[in-house]
Amino acid sequence: MILPTFAFIYSNNKHKTEKKAVVRRIKYEAELDHNFGEHIAAHAYGERLMSCIQCGTCSATCPLSHYMDYTPRKVIAMTREGFKEEVLNSLTIWLCASCYSCVVQCPRQIHITDVMYALKREAIASGYFPRRLPIPVLAKAFFNLVKRNGRNTESWLLVNLYMRTNPFKMFKESILGLRLLLAGRMSLIPDRIKRRAELSTILKAVQAGKGASKS
Amino acid sequence: MNYLYYPGCSLHSTGRAYHESMIAVFKALEIPLEELDDWNCCGATSYFSIDETEAFALAARNLELAENQSGNGNANLVAPCAACYLVLTKTQHYLTTYPDIKNKVNDALDKVGLHYEGKTSVRHPLDVLVNDYGLEEISRRVKKPLKGLKVACYYGCQVVRPFATFDDALYPTSMDRLVKALGGEPIDWPLKTRCCGGSLTGTIQEVGLRLSRALLRDAQKRKADILITCCPLCQHNLECYQGRINRKMHDHIDLPVAYFTQLMGVALGIPEKELGIQRLFNKPHFTVEAPMKGEPVHA
């Protein structure tokens, strides 16, 4: 199946190289980040990461694994070995739709979805994620909207997403938006909580607490 | 029992019909339901991709508000949206398993005079209706049985996984039993908890549409007249993109997608207007005499 957007961003010019050259496709041990696995496993519910037996149940049960560049099983193996750049650059962590089917079927009870969240946060924090990929942009837009209003307004979120990624898409989606609006299923008025100051105090205190625990 | 209602952001916009039909059904069954005052967003999946502790604090504020509002502290917080339900249950699990995260969250909540103790139990309306209220009582109140209506019950992923305890994580049956109690025929459908694509329909649509299509095609192949769901995002994905799937992938999908509360409301004899049926793009027919096909969607 051809996926046009992917093909554009992630083409691996396999067919163009006619001359066969000897290329090293994998890193040697000394090039790996040996602490990466331990670092990810230190996140909440990540501690069982090291007990993975590489059975592949997660990849088999994942509804998105055939669109991923590395299957979930591979991501776990690579994370443990320290392929930091490859894992954080991969599409896999962003394609994970948090459906938790791997979590309930994993024979080692690894919370794979939470490992994926830990990797997503790591990728955003270190700026590794693939450019033009809308998923982290959506996550950031959502984060800012909720931080400000206490609630999410879907229409604002989507306009924000399209303005940042692909403004043309907004025109494509406008018909659906209009139909939703007419059916009373979308609102342009932002939804807000009453005690916004209380919420921002809480969130600021969380950040302050983090700073204190680090030092 | 006292129930507090946590609508979540989606039920104020795309899932408005879910909100309306749920209120109508609870009213018809005489279950008292009170909205949680000044609730905030649960954080959903996106917030967890940026900052975990903040996400837990967001969810914990709601749990704590519920504790305060219920008076005695033992609140039943009803969250109909699958993502809200998951995030709230997940937060409870994490805060019990990791005391240090709980302390951090509580330190932050203390600043505004709140304190999370973990007394709130998070419930899904499906759980409340099937297990608290009971199917016998529901079937006794049915006024228009859904005779012969073949229903595909779609649970989606986040209602039954991974922290919910009221049903099986891979092959749940609550909604099927509910449909039977209403007089309908639930179809045997192995894909009932397969992911619909979630927010991927908005971000990487090539992938999102394919996931939704797989579900719709299979439900249609199994001769379902209607697909019902208990998640606002699933309903949106499965209904609004049928026209686009048909055009892009040369398919012939034409399947009404409704909320399970809407189907329930119809069987209980509640007027369709109160259930938000007029908001659906592909209008379902609930009687077998009429043809089951709605108008094709041109989205």
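It should be emphasised that the depicted structure is a prediction, and the values quoted were computed from it without experimental measurement. Each chain gets a letter, A, B and so on, in the order its sequence line appears, and its residues count up from 1.
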Original post:
Is chain B contacted by the side chain of Gln207(A), its backbone, both, or neither, given a heavy-atom distance below 4.5 Å?
Top reply: side chain
Original post:
How many angstroms lie between SG in Cys42(B) and CZ in Arg151(A), if you round to the nearest 0.5 Å?
Top reply: 12.0 Å
Subject >> Distance, nearest 0.5 Å, that separates NE2 of His236(B) from CE of Met186(A) >> reply: 6.5 Å
**OP:** Mind ranking Thr113(A), Ile135(A), Ile124(A) by heavy-atom pairs under 4.5 Å with chain B and telling me who comes out on top?
**Re:** Ile135(A)
**OP:** Quick one: pull up OG in Ser10(B) and CG in Asn152(A) and give me the separation to the nearest 0.5 Å.
**Re:** 7.0 Å
**OP:** Return yes if some donor-acceptor pair links the side-chain N/O of Tyr98(B) with the main-chain N/O of Tyr45(A) below 3.5 Å, else return no.
**Re:** yes
Subject >> residues 271-280 of chain B: residues contacting chain A (heavy atom under 4.5 Å, by number) >> reply: Arg279(B), Leu280(B)
Original post:
Can you tell me how far CZ of Phe48(B) sits from CZ of Arg121(A), rounded to the nearest 0.5 angstrom?
Top reply: 8.5 Å
**OP:** Kindly give the heavy-atom pair with the smallest separation between Pro134(A) and Thr203(B), and that separation in Å.
**Re:** CG-O, 3.4 Å
Original post:
Who wins among Leu109(B), Asp51(B), Thr193(B) for the most heavy-atom pairs under 4.5 Å with chain A?
Top reply: Asp51(B)
Original post:
Among residues 194-206 of chain A, which residues come closer than 4.5 Å to chain B, judged by heavy atom distances?
Top reply: Lys194(A), Arg195(A), Glu198(A), Leu199(A), Thr201(A), Ile202(A), Leu203(A), Ala205(A), Val206(A)
Subject >> Which atoms of Tyr162(A) approach chain B - backbone, side chain, both or neither, heavy atom under 4.5 Å >> reply: side chain
Subject >> Rounded distance [0.5 Å steps], CZ in Arg161(B) versus OG in Ser98(A) >> reply: 11.0 Å
Original post:
Side chain, backbone, both or neither: which part of Leu182(A) has an atom under 4.5 Å from a heavy atom of chain B?
Top reply: neither
**OP:** Check Ile193(A) against Trp39(B) and note the closest heavy-atom contact, atom names and distance.
**Re:** CG2-O, 3.1 Å
Original post:
Taking the side chain as C-beta and beyond, is there a heavy-atom pair between Leu138(A) and Ser199(B) under 4.5 Å?
Top reply: yes
Subject >> Neighbour count >12 (heavy atoms, 6.0 Å) for atom CE, Met249(B) >> reply: yes
**OP:** For the residue pair Glu52(B) and Tyr117(A), establish whether any side-chain heavy-atom pair is separated by less than 4.5 Å.
**Re:** no
Original post:
Atom OH of Tyr67(A) and atom CG of Leu200(B): how far apart are they, to the nearest 0.5 Å?
Top reply: 10.0 Å
Original post:
Picking from Leu180(A), Val103(A), Ile93(A), which has the most non-hydrogen pairs under 4.5 angstrom with chain B?
Top reply: Leu180(A)
Subject >> Pick from Ala57(B), Gly198(B), Cys195(B), Cys196(B) with the largest number of heavy-atom pairs that fall under 4.5 Å of chain A >> reply: Cys195(B)
Original post:
Around atom CD of Glu38(A), are there more than 12 heavy atoms of other residues, nucleotides or ligands at under 6.0 Å?
Top reply: no
Original post:
Given the options Ile50(B), Asn40(B), Val160(B), which has more heavy-atom pairs under 4.5 Å with chain A than any of the others?
Top reply: Ile50(B)
Original post:
Does a donor on one side chain sit under 3.5 Å from an acceptor on the other, for Asp114(A) and Tyr94(B)?
Top reply: yes
Subject >> Ionic contact status for Arg185(A) with Glu239(B), cut-off 4.0 Å >> reply: yes
Subject >> Leu161(A) versus chain B, the contacting section by heavy-atom distance below 4.5 Å >> reply: side chain
**OP:** Sort out for me which of His93(B), Arg61(B), Gln205(B) touches chain A most, counting heavy-atom pairs under 4.5 Å.
**Re:** Arg61(B)
Original post:
With a 4.5 angstrom heavy-atom cut-off, which part of Leu211(B) approaches chain A: side chain, backbone, both or neither?
Top reply: side chain
Subject >> Max heavy-atom pair count under 4.5 Å with chain A, selected residue of Val105(B), Asp107(B), Leu58(B) >> reply: Leu58(B)
**OP:** Heavy-atom distances under 4.5 Å only: say whether Glu54(B) touches chain A with side chain, backbone, both or neither.
**Re:** both
Original post:
Quick one: of Ser101(A), Pro63(A), Ala97(A), who has the most non-hydrogen atom pairs under 4.5 Å with chain B?
Top reply: Ser101(A)
**OP:** Side chain from CB out, backbone as N, CA, C, O: work out which of these in Leu233(B) comes under 4.5 Å of a heavy atom of chain A, or both, or neither.
**Re:** neither
Original post:
Which bit of Phe163(B) comes within less than 4.5 Å of chain A, counting heavy atoms only: side chain, backbone, both or neither?
Top reply: side chain
Subject >> Which atom of Phe142(A) lies closest to which atom of Gly43(B), heavy atoms considered >> reply: CE2-O, 3.3 Å
**OP:** Pick one of side chain, backbone, both or neither for Asp191(A), based on which atoms fall under 4.5 Å of a heavy atom in chain B.
**Re:** side chain
Original post:
Side-chain contact, heavy-atom cut-off 4.5 Å: Phe143(A) with Ser46(B)?
Top reply: no
